[in-house]
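Here's the structure we're looking at; comments come further down.
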Amino acid sequence: MQPIAILSALVEEQKGLIGLLHNRSQVCHANRVFWLGDLYGRSVVLALSKIGKVAAATTACALIERFGVQCMVFTGVAGGLDAGVQVGDVVVGQSFVQHDLDASPLFPQFEVPLYGKTLFDADKTLTSALMKASQDALADTQLRCAHPAAKVHLGLIASGDRFISGAGESDALRKALFLAGYAALAVEMEGAAVAQTCYDHGVPFAVVRTISDRADDFAYVDFPAFVEEVASKYALAILEKFIKMI
Ligand code: ADE
């Protein structure tokens, strides 16, 4: 049976998962450690993408070519871009755009040259399962205690090689995307790269992001505190429900 890939951006999100693996083994490849084993009765391979689009695409490629994964799910954190997306919320990616890709005037801003596409979509079945898993996880009041009003959203995620940490910068990004016809819920640094790689290889994928900050002047304080205290608990709870569901 081909394994399911679980890709995490941060060590904090992955470490709880490694401890849950049965028949665990590791393979070092492409400057990364890949953990193989069984998680809730399913064959999985865990990998750390590291940070940024190139690192994420390289990792996704290794998972596909070396480990022959059947599908891929990415867990991580993101900055809230839409006014309704707050710290502690969960965003499941429906589609992905690279907000720092601009080959204009040769191609429209944000379009991926030679693909004739700007948006890359997540797999619908995996995405519905991630939505349900996230809603069920947030229904657990203990998990939600630090953020009692936390919501689950589904929509566009914008990825780029920048940590957005200023209100002016996130305003400008929101406006630029909006002018081009896109309303992004959240910003992060890997999702669209995984999306493009999976598109090239015909591998179904889905992404879930917990909102660690508002991509504003406080992002650099909120991000590490959230990752340490909350992100790993969210990732574990959502993934347990997701794996048992698919
Ligand atoms: N991931 C989490 N917060 C982010 C931010 N503000 N910018 C980019 N990636 C992020």
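Every number for a ligand or one of its atoms is a count from 1 in the order of the listing. The residues of the chain are indexed from 1 along the displayed sequence.
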- Aromatic ring proximity F120/F96, centre distance under 6.0 Å: no
- Closest contact, heavy atoms only, A186 versus I211: CB-CD1, 3.9 Å
- Task: Quick one: look at A78 and ligand 1, take heavy-atom pairs under 4.0 Å, and tell me if it's side chain, backbone, both or neither.
- Result: backbone
- For ligand 1, which atoms, with element, lie under 4.0 Å from some heavy atom of A215? 6 (N)
- Message: Regarding ligand 1, does A219 bring an N or O atom to under 3.5 Å of one of the ligand's N or O atoms?
- Response: no
- Name the closest protein heavy atom to atom 4 (C) of ligand 1, giving the residue it belongs to and the distance to 0.1 Å. F163 CE1, 3.4 Å
- Query: Using 4.0 Å as the upper bound for N to carboxylate O, is an ion pair formed by R24 and D38?
  - Reply: no
- Indicate whether the side chain of S159 and that of E188 have a donor and an acceptor atom separated by less than 3.5 Å. yes
- Query: Atoms of ligand 1 less than 4.0 Å from D213 heavy atoms?
  - Reply: 2 (C), 3 (N), 4 (C), 5 (C), 6 (N)
- Message: Looking at D82, is its backbone amide N or carbonyl O close enough to the side chain of R214 to form a donor-acceptor pair, meaning the two atoms are under 3.5 Å apart?
- Response: yes
- Item | N or O contact, F223 vs ligand 1, cut-off under 3.5 Å | no
- Under a heavy-atom criterion of less than 4.0 Å, does S165 contact ligand 1? no
- In plain terms, say whether K50 and E190 are close enough for a salt bridge, that is, a side-chain N and a carboxylate O under 4.0 Å apart. no
- Quick one: nearest non-hydrogen protein atom to atom 10 (C) of ligand 1, plus distance? V187 O, 3.7 Å
- Query: With side chains defined as the heavy atoms from C-beta onward, is the minimum distance between F205 and F74 less than 4.5 Å?
  - Reply: no
- For S212, the atoms of ligand 1 under 4.0 Å from one of its heavy atoms are 2 (C), 3 (N)
- Note on the structure: The closest protein heavy-atom partner of atom 7 (N) of ligand 1 is I164 N, 2.9 Å
- Message: Please compare R209, R162, R214 and report which has the shortest non-hydrogen distance to atom 8 (C) of ligand 1.
- Response: R162
- Task: Assess the side chains of Q196 and Y115: does a donor N or O sit below 3.5 Å from an acceptor N or O?
- Result: yes
